[in-house]
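These figures come from a predicted structure and were not determined experimentally. We use all heavy atoms of the structure for the numbers below, so side chains are in, but hydrogens, waters and symmetry mates are not. Residues: numbered from 1 along the sequence shown.
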Amino acid sequence: MYTHHLLIFLAGIIPVFDPAERITLSAKAPLASTPPPEAKGRWGHRAPLSPPSKGAYWLAPGPDAPRAWVRARFAEPWPKGVLLIRAARVKGALEGLGLELAEGRRVRWVAFKGGRLRALSAFTRLRPRRGMRRLEIVALTWDDTAALSAFDADDGAWLGTLGARDLPQAPGRAGLFGLKRGGISLEHLSDWPACARPLPTREDGPPLVLVFDPDHPPIDHGGLIHLELLKDADVYRADLAGLERLLCAGGAPPRRFITELPWRYLDLDYLRLRGRAPAEAEGGGYRLSDSYKDPEMVSDLLAAYHARYPKDTLLRQIGESRGGHPIWALGVAEGIQEDDPRPAFLLNSAHHGSEILSIELTLDALDQLLARRSPVAQRIIKAAVVWGVPLVNPDGLLGFLNVSAALGRKTHADLNGDGVIGAHEGVDLNRNYPFKWGALKERGSRSAPGSAYYRGAEAQSEPETRAMIKLARRARFAGAISYHTGTVGVLAPYTIPGARSPQPNEAWGVAEAIAARLGRHPIDARTFEVKRNLYPVDGTDQDWHRHAHGTLALLIEATRWSPLDMAKRDLLVAHLRPAWEMLIQRFLVGPSLSIRVVDKTGAPVRAEIDVKEIKLREDERWSTRCPHGDQHRYLDAPGTYTVRARVGRREITQRVVVRERAEVTLTLPHALKGARCAPTPP
């Protein structure tokens, strides 16, 4: 829910090197070394290194070369200067290639000619991690070609890649250029020739995607991974060391680099398996842990479950995305019927297209139930109906998989109708629900279409949102979980600041029990805790479910990032499984209340239900579900409750003693023909 930028953690992937042999400058050595470096201005050794004025520069000692490695590590405060990649003093003025660093968050190629600086590319955004203290840049230059990767220096997390062709060709050395006084805190700088001692390559190293002409594929000299052959491109992946190996062996440089990487170029398991039919698992169900899934794979899986378990499933297309892709829901219960009278529960995922692990959590729950993989699943499938919507935002997922893994949370939809989907187009679906939509103005969501938190032109403007609302109005869910990624925690409604939760608030107690059961996160040094929100929000799905139907709707933040390692995927899915089990079991065991309202002829009716002992403070009006005239509600604790059913001015009140789960029928002493439930059309 709360992720904004792509975050992928690959441990230990910074290219190794021998610091004793290759560091030219370190925090332990003065800038004035032997032989003396070339410099403009007097550079001191105190950290952070402070150029005396704008335009001051420092060049490392050593011979000029056009083909070399450069490595630099910076600490806070983040640099506002230029890392000189290949530069030299020509006729008293600086010339060469550099990398402008804007506060550790953005980078772009720049060139110096006659001492003047000009930009060669637009800024590319790195993705610094919260709490990051040191930034490491590793760059390889080869004639007119250069590529780099950026890392969190402390744990090796990859933060981004940048490559370019047709750059100024000039021999030179590494160094620093000050754009303003202060602000360059350098821990070390190294500069060594390419091909002298090739670095080892790694398949899980920082990904660099290379595009070659299909008629002239590269000769693989070790370190290249073939990704796909397209009509106009032959695409490979390597790390920087693999690119060095290719170039040193005499291979032609790539035609271009792809640096805004789609997920399919990061996730080789998905790239290999996409488009294949789901594989059956032993003992029933399907093998879900082979790879992550695109919209077609999700659709095929749900269709396969329905075909394999026709008596226990209902497969419904509940809507269509703005981009024309179907949104599917699978209802699961033993011997399921249309408008099944058993209490209904909702599990949904991927309101945000980049949160692909969330899809796995809903699919796993459906698989556990249909394959009866545990005693808990066997009990639930008999006593309840579970609706799973694994993919609320297919357009956003397709953009994340195929365009750029940095697209993030929105729908990736053509909102302005120009036929082109811009990088910042789309709507945050979890700001588009009607309850208090836009109530916090620019604090809880954004009115600007380019914002990552754009709430849409109006409440429920998006077809994806309307599809979820339509499903909920028919099923009237007793409980729901919306799965997200971006942090770790359990959010209980109301999450919107200023919205007053019912008292007592049974949702908070259930959330606390689930968080306690989940405990410590299996791959992150965090513990699941219950929170109202992480920052101000409005227009969220869980608050709408709560306000519209009394649903005990929780939002679970499953992890900070979706791991590429499928073994970690399995670990996370298994660890999160008790959440939906506990939510549904808690209703079935109680304390909870199943209420049915009929008129004097025994016909079920639409009636408004309230419980005297529960104070509703946001003008909630929770009514029965047709065609059965029922309502299913969690209770905070056992006790005696006063239940009232009302149709217009007619009402009936009844006292109910609740110890575990209680069922009660309220009969209004009137023939209420106009309020009777009609069968809901399919």
Side-chain angles (χ1 to χ4, degrees), residues 1-2 318 329-333 343-352 355-369 376-377 380-381 384-393 429-430 433 468-469 471-472 475-495 505-519 521 528-534 537 540-559 572-588 592 632-634:
M1 177 181 182
Y2 294 96
I318 61 173
L330 188 70
V332 172
F345 301 84
L346 171 67
L347 305 176
N348 73 80
S349 306
H351 269 78
H352 301 136
E355 297 175 6
I356 55 174
L357 179 80
S358 68
I359 299 169
E360 304 298 310
L361 298 171
T362 294
L363 288 173
D364 174 75
L366 298 175
D367 188 84
Q368 291 287 318
L369 290 165
V376 172
I380 289 174
I381 199 172
V385 177
V386 179
W387 282 92
V389 184
L391 180 52
V392 178
N393 182 4
L429 295 178
N430 211 30
Y433 284 82
M468 296 300 293
I469 288 174
L471 175 66
R476 305 293 177 96
F477 299 111
I481 293 178
S482 184
Y483 288 111
H484 291 255
T485 65
T487 187
V488 173
V490 180
L491 306 187
Y494 288 121
T495 60
N505 184 3
E506 84 290 355
W508 195 271
V510 174
E512 285 187 322
I514 290 173
R517 173 64 177 81
L518 295 178
H521 195 272
F528 283 91
E529 297 178 357
V530 181
K531 301 176 182 179
R532 179 167 180 163
N533 57 45
L534 301 178
V537 294
T540 64
D541 76 314
Q542 69 174 135
D543 279 11
W544 178 83
H545 283 292
R546 179 64 158 172
H547 185 263
H549 303 128
T551 306
L552 199 160
L554 304 179
L555 186 150
I556 293 185
E557 292 277 358
T559 186
L572 284 168
V573 168
H575 190 86
L576 271 293
R577 194 174 294 146
W580 64 265
E581 295 175 334
M582 289 182 66
L583 176 77
I584 301 173
Q585 279 278 89
R586 168 61 171 77
F587 179 86
L588 298 178
S592 58
H632 303 279
R633 295 172 65 161
Y634 290 78

Hey, are the side chains of [X] and [Y] touching, using non-hydrogen atoms and a 4.5 Å cut-off?
{"X": "Asp541", "Y": "Asn348", "value": "yes"}
{"X": "Leu555", "Y": "Ile481", "value": "no"}
{"X": "Leu554", "Y": "Leu491", "value": "no"}
{"X": "Thr487", "Y": "Glu557", "value": "yes"}
{"X": "His545", "Y": "Leu346", "value": "yes"}
{"X": "His351", "Y": "Leu429", "value": "yes"}
{"X": "Leu357", "Y": "Ile359", "value": "no"}
{"X": "Val490", "Y": "Glu529", "value": "no"}

Reported [atom1]-to-[atom2] distance for the pair [X] and [Y], which is rounded to 0.5 angstrom:
{"X": "Leu518", "Y": "Met582", "atom1": "CG", "atom2": "CE", "answer": "7.5 Å"}
{"X": "Arg633", "Y": "Thr551", "atom1": "CZ", "atom2": "OG1", "answer": "10.5 Å"}
{"X": "His521", "Y": "Phe528", "atom1": "NE2", "atom2": "CZ", "answer": "4.5 Å"}
{"X": "Ser358", "Y": "Leu572", "atom1": "OG", "atom2": "CG", "answer": "12.0 Å"}
{"X": "Trp387", "Y": "Ile318", "atom1": "CH2", "atom2": "CD1", "answer": "8.5 Å"}

So which heavy atom on [X] is nearest to which on [Y], and how close?
{"X": "Leu583", "Y": "Gly479", "result": "CD2-C, 4.0 Å"}
{"X": "Pro390", "Y": "Leu366", "result": "CG-CD1, 4.5 Å"}
{"X": "Gln542", "Y": "Thr495", "result": "OE1-CG2, 3.1 Å"}
{"X": "Ala475", "Y": "Ala344", "result": "O-CB, 3.9 Å"}

Is it true that Phe345 and Phe477 have ring centroids separated by less than 6.0 Å?
no

Derivation and outcome, salt bridge (charged side-chain N to carboxylate O under 4.0 Å, His left out), residues Arg577 and Glu360:
CA-CA 11 Å; Arg577 194 174 294 146; Glu360 304 298 310; over 6 Å; no

Looking only at side-chain N and O atoms, does Glu355 offer a donor or acceptor that is under 3.5 Å from a partner on His484?
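Side chains of His484 and Glu355: pair found under 3.5 Å.
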
Could you tell me if Asn430 and Thr540 have a donor-acceptor pair between their side chains, going purely by distance under 3.5 Å?
no

Among Val376, Ile514, Leu369, which residue meets the side-chain contact (heavy atoms from CB on, under 4.5 Å) test with Trp580?
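Only one of Val376, Ile514, Leu369 forms a side-chain contact (heavy atoms from CB on, under 4.5 Å) with Trp580, namely Leu369.
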
Using a 3.5 Å distance criterion without hydrogens, assess whether the side chain of His352 forms a donor-acceptor pair with backbone atoms of Thr485.
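No; zero donor-acceptor contacts below 3.5 Å.
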
Is Arg532 reaching over with its side chain to a backbone N or O of Tyr494, donor-acceptor style, under 3.5 angstrom?
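A pair under 3.5 Å: yes.
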
When the ring planes of Trp544 and Tyr433 are compared, do they come out parallel, tilted or perpendicular, using 30° and 60° as the limits?
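The arrangement is tilted - the two ring planes meet at 30° to 60°.
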
What residues, two or more places apart in sequence or in another chain, satisfy side chain to side chain donor-acceptor pair (under 3.5 Å) together with Thr362?
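In terms of side chain to side chain donor-acceptor pair (under 3.5 Å), with neighbours along the sequence ignored, Thr362 is linked to Ser349.
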
